[in-house]
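Down below is the structure, laid out as structure tokens.
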Amino acid sequence: KSLRDINLSDLPITDEGLHRLSQLPNLESLFASGCDRLSGEFARHFYAQKRLKKIVLSAPNSGISQAGIEALAKLESLEVLLINDRCRVQGEWLAAFVGHPALRSISVDNTAVGDEAIAHFKGIPMLSELNVANSKITAAGVAAAGGGGGRCRADPPTARGRAGAS
């Protein structure tokens with residue numbers, strides 16, 4: 001029961017198995033990269049978590065649904081959210097995080113999230129780090145998010161990414 005960090009990367013864990021892990025009262029971070037058997041709504045199992053601060057999802061087959069994003073947004077202790085490497089997340093879903101009291105870092109690296117998410121990012125009061133590398137967010141979107149010296153540091157898209165590449 002004292003377990004605080006779990007790395008499930010590339011394990012064949014299902015929603016049922018994750019539900020059992022969600023009962024750990026001291027859980028602070030969850031790494032679920034490449035867990036192909038999780039449904040897009042796996043996050044609903046963590047609704048009662050009071051200490052979960054960091055969630056990492058990545059790999060081509062790691063999907064999350066709009067309902068899953070909405071469930072994560074209800075985690076008031078969540079500070080760091082990394083949704084990377086072609087996870088099937090849509091920018092408009094991130095509206096669920098507007099007004100979130102603790103979220104300070106978001107990464108949507110290598111996803112299809114575009115400039116439509118910028119208004120949502122700007123509505124997250126504690127957000128101070130934003131990684132949009134290799135996403136569909138343009139250089140203008142990065143500037144609008146505060147990447148030009150505002151309160152939010154945004155890692156701009158790289159040359160191999162679509163956004164801002166010349």
Side-chain angles (χ1 to χ4, degrees), residues 7-10 15 18 29-47 52-166:
N7 186 339
L8 304 171
S9 297
D10 298 316
D15 284 21
L18 201 60
S29 61
L30 171 67
F31 296 80
S33 300
C35 297
D36 298 345
R37 293 185 181 182
L38 292 177
S39 78
E41 297 182 21
F42 75 89
R44 72 185 184 280
H45 297 298
F46 291 92
Y47 69 91
L52 191 56
K53 295 178 182 178
K54 182 175 185 176
I55 295 180
V56 178
L57 304 172
S58 66
N61 295 321
S62 296
I64 189 160
S65 65
Q66 184 171 2
I69 289 288
E70 290 168 355
L72 292 178
K74 292 177 183 175
L75 296 172
E76 292 186 3
S77 60
L78 189 64
E79 296 178 5
V80 179
L81 178 63
L82 287 77
I83 305 174
N84 301 326
D85 295 330
R86 298 179 300 280
C87 280
R88 297 175 298 273
V89 63
Q90 297 181 28
E92 60 270 11
W93 298 354
L94 299 172
F97 289 102
V98 170
H100 191 283
L103 194 58
R104 60 178 174 74
S105 178
I106 296 178
S107 176
V108 290
D109 177 25
N110 204 19
T111 66
V113 171
D115 285 347
E116 74 283 357
I118 295 301
H120 309 314
F121 294 146
K122 291 175 81 172
I124 303 170
M126 299 302 292
L127 189 64
S128 62
E129 183 175 2
L130 178 61
N131 179 358
V132 299
N134 301 308
S135 69
K136 290 185 178 181
I137 293 178
T138 64
V142 170
R151 69 172 178 80
C152 183
R153 188 195 100 241
D155 295 329
T158 63
R160 66 183 175 97
R162 294 181 226 178
S166 45

Criterion side chain to side chain contact (heavy atoms under 4.5 Å, CB included) against Val132, the qualifying member of Thr138, Ile118, Ile137: Ile137
Partners of [X] by side chain to side chain donor-acceptor pair (under 3.5 Å), sequence neighbours excluded?
X	answer
Glu70	Gln66
His100	none
Ser9	Asn7

If the condition is side chain to side chain contact (heavy atoms under 4.5 Å, CB included), which residues does [X] pass it with, not counting sequence neighbours?
X	answer
Ala119	none
Ala95	His120
Ser107	Leu82, Asn84, Asp109, Asn131
Glu76	Pro101

To the nearest 0.5 Å, what is the distance between [atom1] on [X] and [atom2] on [Y]?
X	Y	atom1	atom2	result
Arg104	Leu81	CZ	CG	12.0 Å
Lys74	Phe97	NZ	CZ	11.5 Å
Ile106	Glu129	CD1	CD	10.5 Å
Ile83	Ile69	CD1	CD1	3.5 Å
Ser105	Lys53	OG	NZ	14.0 Å
Phe46	Ile55	CZ	CD1	7.0 Å

Ignoring hydrogens, what is the shortest heavy-atom contact between [X] and [Y]? Give both atom names and the distance.
X	Y	result
Ala73	Ala96	CB-O, 3.3 Å
Val89	Val113	CG1-CG2, 3.7 Å
Ala43	Gly68	CB-O, 3.4 Å

Asp115: salt bridge (charged side-chain N to carboxylate O under 4.0 Å, His left out) partners, not counting sequence neighbours: none
Ser77 side chain to Leu52 backbone, donor-acceptor under 3.5 Å: yes
